Amino acid sequence: MARYNAKDSEKRWQAEWDVRGLFRTPPHSEAPKCYVLEMFPYPSGRIHMGHARNYTMGDVIARFRRAQGYNVLHPMGWDAFGLPAENAARDKGVSPRDWTYENIAHMREQLKMMGLSIDWSREFATCDVGYYHQQQKLFLEFYKAGFVHRQEADVNWDPVDMTVLANEQVIDGRGWRSGAVVERRKLSQWFFRITQFADELLAGLDTLDRWPEKVRLMQKNWIGRSEGLRFQFTLSDGEKLDVFTTRPDTLFGASFVALSPEHPLAQEMAKKDENLAAFIAECRHVGTAEADIEKAEKKGYDTGLKAIHPFDENWALPVMVANFVLMGYGTGAIFGCPAHDQRDLDFARKYSLPVTAVVVPEGIDPKTFDVGAEAYTGPGRLANSRFLDGMSADDAKAEVARRLEAAGVGERTVNYRLRDWLVSRQRPWGCPIPMIHCAKCGVVPVPEDQLPVKLPEKINFAVKGNPLDADVGWKTTTCPTCGGAATRDTDTLDTFVDSSWYFARFAAPHAAEPVDKAATDYWLPVDQYIGGIEHAILHLLYARYITRAMHKLGMVEVAEPFAGLFTQGMVCHETYKDAKGDWVSPDEVTKEGGKAFRTADHAEITIGPSEKMSKSKKNVIAPEAIIADYGADTIRWFMLSDTPPERDIEWTDAGAEGCWRFVQRVWRLASESEGLAAPGTPVTATDEASLNLRRATHRAIAAVTENLEALRFNNAVAQVYTLANAIGVAEKCDAAARREAIEALVLLCAPMMPHLAEECWRALGHDRLVAETPWLKYDAALIQTDSVTLAVQVNGKRRGEITMPKDSDGKAAESAALALDGVIRALDGKAPKKVIVVPNRIVNVVA
RNA sequence: GCCCAAGUGGUGGAACUGGUAGACGCGCUGGACUCAAAAUCCAGUACCGAAAGGUGUGUCGGUUCGAUUCCGACCUUGGGCACCA
């Protein structure tokens, strides 16, 4: 037989699946449903190894579940709005629309070459008018429900991308895309009230038992719930000031009250106090210029104002403006208790404010307890606190809260770190926000019959700022309420909005409403969602929020969109540098005996650590090149082999060749085996060689099934190898048993290497496609063995082994173990004190 | 600084609820086939030791008949958050 020709075979089977419409999901089915989804790609133009890994995993699950009889939905679409299209448009003078759709066409072909079992009839791009039209409706629904609000606020401005960013999109003080240091600007923008759902989003995490613990924890920290007390100080000028604390128990240790520089009261006072104004300006400066210099010194300014202690009208605390108090959290004002908060302590030491310990560790005399350079934040009993003295910190918290509530100046509240989601973007390649600004009527939603608000055909990138804002023809409209002249909102929605509900749209991609209730009720939640860990907060939190908001409006039944989540690792490759220190691409490098040389001039190349494939480090391998050389099945098999799917995988040439060899080996086993029984022959042989092969076959079926169910692809692959080895070394045995083993090998490979499986299946004489063949069931009787090998230990050290009939008596095992040479030698004449027998596992002799 | 995860051969990794550490792949070594090469097949491959045996899952301790697995401390790496009161 000829070698397996992947190129030819893969094309043929892809066409065959397509012609038969095998992956077209029927709208209705009696079978249980399974919705498998990988995070949809941005249409950058070509797929990379990260895509190859992500979509291979999803495809394995989809094919496996389909074979198991599930009604599977496995769609694909494009996260198609966003900045790269604008940049390409500006650089190359093409339209972002053309650029995007050309990229989509190219990537679609590449994904098809991967042999993915996708229902392409459901494909859409978020930049399709049909999609963003529905998104505009969704926005207006949210607006009507009060989920959306417009607010002037200090926002994060990315000076490179020329747009505002949500809090989640600022990482280490820099824009998540551009890497530019963000600036603060005061702008009027649209927000989604995600904080309204903070509690639900937090509580919902506990229901997501098929999510990685890590992601749930990250979201929990991001939401950042803390319980505390909000209460009022009366100031010396008679005004009131709200503060928030989680430590009301330390109220008698207070030595100052501090305001954020952005606090309205501080701003007000700054109008009459030049020095304060200068101080505030200085704080603002530090905050923006060098976010990295976070270790900034604590600085304060005494306003001269006093705050009256709520439990003692004769106790006046200085009111300071302090650079470390955040306006965005709590009320933007705090009381400082230096003994029990490190920041307050640093501050108090600097400005010589009193430090009074009021919580003292259990068993320590308050008189001897002294706070040095470190604040005490542990538990303890109250001291120096009048009516609280002797209470535990928890009791004291409750008592202070009770008294301040009774006095009508306090309220127990919950605070979140989470902020509302700023969704306005000053970019032209996005979903236009369907709002109209009228001088007379204010902000007015676009009436439904005037939707969609389409993007202009031509976008002029030569203008400064947002092209939509500069496009007078597009911007000018009439007010739907009064009919007068008005302008459109020229902002577009954050592209994370686009990706926050696409999974619901896939259930009925052509529905006249954003979601078709019946279809989403059937398909949602997504049973298995797969994507990169980098979306642990941003995308996954937004998608959970939008789903909850839709749920509240009765649009979808589910509250959580993704029942199962899997976060896959990155694809890495060795890095290469030449003598000058410049990065060298792997295809310019030849390796000999562990050393690397530049192919062109044989100059030695330094091999660096394996890192995520990136253009900047030139360590990128294109999937299309591998497909061209070895075929899609090889790349798929590689992505699943060896490395657990959640970890980073390293691409190596040797590994790829190993995969290719295995493809050939499976092909040889299926195509060259002589003397196989005819297809469908029942296996009746009971000779030892045949039984051994049958046991290996059924063990492999059981193990691969179990591993695929648990997404342990690397272990599933190892089990397939084990079966292939067993077939290879099997002695002459029954022809039907041999066929059974080879067919099992082919079918077990099928979700992972679907083209190869079809070719082998055909070679084995089958007419029906593997893609139409049900998953194998193992015979439990064949997995059982009647004899087992027990390890024998003396004092926990292995000294030999015994083979016993399964489930044999402990006494028999004991005497067999004691008779072993190694055991006798180890005992050295001593009598065993005790013998522990774990049935079918181990015998341990204690000497 | 706080929170979380992970440290196993030359290498990627395996080991169910504490029970034979190193499955399976890559690499390497030897052999077969070949004029030769490729491909393929067979055997071997944790470390020390000629062997008996000993030592081994980041380090140090603990619990246990028995620990990669449980507990404590520490080290290293990776990730998240970072003046959140």
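All values reported here derive from a predicted model rather than from experimental measurement.
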Sugar-phosphate only, base, or nothing, as touched by N844(A) at under 4.0 Å among non-hydrogen atoms: base
Syn or anti conformation of G9(B), syn meaning chi within 90° of 0: syn
Nucleotide forming a Watson-Crick or wobble pair with C70(B), both distances under 3.5 Å: G62(B)
Nucleotide of G19(B), G79(B), G12(B) approaching V838(A) most closely (side-chain heavy atoms): G19(B)
Residue whose nearest RNA chain B nucleotide is more 5′ - E650(A) or N715(A): E650(A)
Pair partner, C33(B) [Watson-Crick or wobble, under 3.5 Å]: none
Touch class at under 4.0 angstrom, heavy-atom based, for T652(A) against every strand present: nothing
C1' spacing across the pair A21(B) / C75(B), given as an integer number of angstrom: 24 Å
Aromatic ring pairing Y329(A)/F244(A), orientation class (parallel under 30°, perpendicular over 60°, tilted between): perpendicular
Whether F638(A) and W651(A) hold their rings parallel, tilted or perpendicular, with breakpoints at 30° and 60°: tilted
Sugar-phosphate, base or nothing in reach of N725(A), heavy atoms under 4.0 Å: sugar-phosphate
Base partner of A6(B), which must satisfy Watson-Crick or wobble distances under 3.5 Å: U76(B)
Sugar-phosphate only, base, or nothing, as touched by V325(A) at under 4.0 Å among non-hydrogen atoms: base
R661(A), nearest nucleotide to its side chain (from C26(B), G54(B), A85(B)): C26(B)
Nearest heavy-atom neighbours spanning T643(A) and D648(A): CG2-O, 3.3 Å
For atom CG of L640(A) and atom C1' of G25(B), their distance in whole Å: 13 Å
Among A21(B), G19(B), C83(B), the nucleotide that comes nearest once only the side chain of R798(A) is considered: A21(B)
Side chains of N323(A) and Y301(A), donor plus acceptor under 3.5 Å: no
Plane angle bin for W637(A) and F662(A) - parallel if under 30°, tilted between 30 and 60°, otherwise perpendicular: parallel
Candidate nucleotides C81(B), A85(B), G25(B), ranked by approach to the side chain of D642(A) - the nearest: G25(B)
For A15(B), the Watson-Crick or wobble counterpart (both distances under 3.5 Å): none
Base C16(B) paired with R841(A) side chain (donor-acceptor, <3.5 Å): yes
Donor-acceptor pair under 3.5 Å, K833(A) side chain vs C65(B) base: no
Sugar-phosphate, base or nothing in reach of T246(A), heavy atoms under 4.0 Å: sugar-phosphate
Any strand: nucleotide that pairs with U45(B) via Watson-Crick or wobble, under 3.5 Å: G27(B)
K591(A) NZ - C26(B) P separation (whole Å): 16 Å
N/O donor-acceptor pair, side chain R247(A) with base A85(B), under 3.5 angstrom: no
G13(B) phosphate, OP1 or OP2, under 4.0 Å from R647(A) side-chain N/O: yes
Side-chain N or O of R343(A) closer than 4.0 Å to phosphate OP1/OP2 of G1(B): no
Along RNA chain B (nearest heavy atom to each residue), the more 5'-positioned of T789(A) and N795(A): T789(A)
